[in-house]
Amino acid sequence: SPMIVSFGEMLIDFVPDVAGVSLAESYAFIKAPGGAPANVACAIAKLGGNAAFIGKVGDDEFGHMLANLLKKSGVNSDGICFDKDARTALAFVTLKADGQREFMFYRSPSADMLLKESELKLDLIKQAKIFHYGSISLISEPCKSAHMAAMKAAKQAGVLLSYDPNVRLPLWPSPEAARDGIKSIWDQADFVKVSDDEVEFLTKGDPKKDDVVMSLWNDNFKLLIVTDGPEGCRYFSKKFKGKVNGYKVKTIDTTGAGDAFVGAFLQAVAKDPNLFNDENKLKEALVFANACGAISTTQKGAIPSLPDKAQAENLIKEAK
Ligand code: ATP
């Protein structure tokens, strides 16, 4: 099946073993593989799709563990580089009582920020149907230039571009720098997925209002998707807009829900790029993506809770 290449950070999240405590108060941390683009690649592979990941980790135990996990998950790992000097990125993540997350990063700089343009496996990108990326790889050089070069190569080869900004404010010098950086590549994408919080951050407006969301529209887009947590998602295109309801599940940890959603949606696009012209097909793909997002919240960690096709189809059937 057509290949989806995901580009960016792969790292270790350290998450307190109990939710609702601060980093200082927590006693033990669970080691959870993460990094949104790596999660997306795993989500696609779990659904039976053809996924590859491009990024850099340290030539250390964590880096090799992550690369092996991707391989074991069925993701093409030819594009993973190992840095001899820098460490694999670490993030300490607090799960607050209200389910929101707070991040503290160890990057000084970490290996993911040191991916160089010369290290890119461009042939992998050119073969892809979709090239997916976030915004963390835009924060500093040399990774920023590698990101730009990868996007350019994809675009020239007629590959569809998919952007999930994944705002992580503590990594940017200032909120303004984050907003500018995230928007600097806005017009390049064929589709963009943002969460309602990200709409609020980027527009300073009410994310529930369609005209606020549409202020993020760019005429180069084929589709703009806003995810609304348990409520599901909204979609906006040149021809139509609408809402697709989410699924009620026993949520334990929402980490990676957005990535499970994106992986499922991209896998549907890879199979049928004409999805954007047919509202019923588009809705069907978003129903499936909502189900995948929901299931991913029912277990701890981003990758262990990713659903396969049968699990998602079961949830959809049960809810009918
Ligand atoms: P993250 O950054 O945590 O990966 P996100 O903020 O990008 O996620 P969300 O809106 O939280 O994205 O979740 C993406 C999708 O997953 C939603 O559109 C929804 O379909 C599903 N989802 C998320 N949280 C829940 C939940 N608590 N219950 C059911 N479905 C959920």
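In this text the structure is predicted, and so the values were computed from the model without any measurement. Just follow the structure's listing: the first ligand is 1, and inside any ligand the first atom is 1.
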**Student:** Is the Tyr163 to Tyr133 ring centre distance short of 6.0 Å?
**Tutor:**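 Under 6.0 Å, so yes.
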**Student:** Answer yes or no: is there a side-chain heavy-atom contact under 4.5 Å between Val192 and Asn218?
**Tutor:** no
**Student:** Relative to atom 20 (O) of ligand 1, which among Asn290, Asn245, Val249 owns the nearest non-hydrogen atom?
**Tutor:**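 That would be Asn290.
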**Student:** Centre-to-centre under 6.0 Å for His64 and Phe82, is that the case here?
**Tutor:** yes
**Student:** Relative to atom 28 (N) of ligand 1, which among Val167, Thr254, Val287, Thr251 owns the nearest non-hydrogen atom?
**Tutor:**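 Result: the heavy atom closest to atom 28 (N) of ligand 1 is in Thr251.
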**Student:** Need the ligand 1 atom indices (1-based, order shown) with element for anything under 4.0 Å from a heavy-atom of Gly258.
**Tutor:** 1 (P), 4 (O), 5 (P), 7 (O), 8 (O), 12 (O), 13 (O), 14 (C)
**Student:** For ligand 1, which atoms, with element, lie under 4.0 Å from some heavy atom of Arg101?
**Tutor:** 1 (P), 2 (O), 3 (O)
**Student:** Is the distance between the ring centroids of Phe92 and Phe105 under 6.0 Å?
**Tutor:** no
**Student:** Counting only heavy atoms, tell me which of Ala294, Pro230, Gly229, Ser296 gets closest to atom 11 (O) of ligand 1.
**Tutor:**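 Of the listed residues, Gly229 has the closest heavy atom.
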**Student:** In ligand 1, which numbered atoms sit nearer than 4.0 Å to a non-hydrogen atom of Tyr247?
**Tutor:**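 Once the distances to Tyr247 are compared, the set is 28 (N), 29 (C), 30 (N).
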**Student:** For Gly256, counting its heavy atoms only, list the atoms of ligand 1 lying under 4.0 Å from any of them.
**Tutor:** 3 (O), 4 (O)
**Student:** Under the side chain to side chain donor-acceptor pair (under 3.5 Å) rule, what do Asn50 and Ser1 come out as? Steps first, then yes or no, please.
**Tutor:** CA-CA 6 Å; Asn50 183 359; Ser1 66; 5.0 Å; no
**Student:** With heavy atoms only and a cut-off of under 4.0 Å, state how Lys193 meets ligand 1: side chain, backbone, both or neither.
**Tutor:**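 The answer is the side chain.
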**Student:** Run the salt-bridge test on Glu200 and Lys204 with the 4.0 Å N-O cut-off and return the result as yes or no.
**Tutor:** no
**Student:** Of Ala291, Gly293, Gly232, which has the heavy atom at the shortest distance from atom 18 (O) of ligand 1?
**Tutor:** Gly232
**Student:** Taking the six-membered ring for Trp and the full ring for Phe, Tyr or His, determine whether the centres of Phe7 and His147 are under 6.0 Å apart.
**Tutor:** yes
**Student:** Which residue owns the protein heavy atom closest to atom 13 (O) of ligand 1, what's the atom, and how far is it?
**Tutor:** Ala257 CB, 3.7 Å
**Student:** Using a strict cut-off of less than 4.0 Å between a Lys/Arg side-chain nitrogen and an Asp/Glu carboxylate oxygen, indicate whether Asp78 and Lys121 qualify as a salt bridge.
**Tutor:**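 No, this pair does not count.
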**Student:** Could you tell me, atom by atom, which parts of ligand 1 come under 4.0 Å of a heavy atom of Ser195?
**Tutor:** 6 (O)
**Student:** Going by distance only, is there an N or O of Thr227 that falls short of 3.5 Å from an N or O of ligand 1?
**Tutor:**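 There is such a contact, yes.
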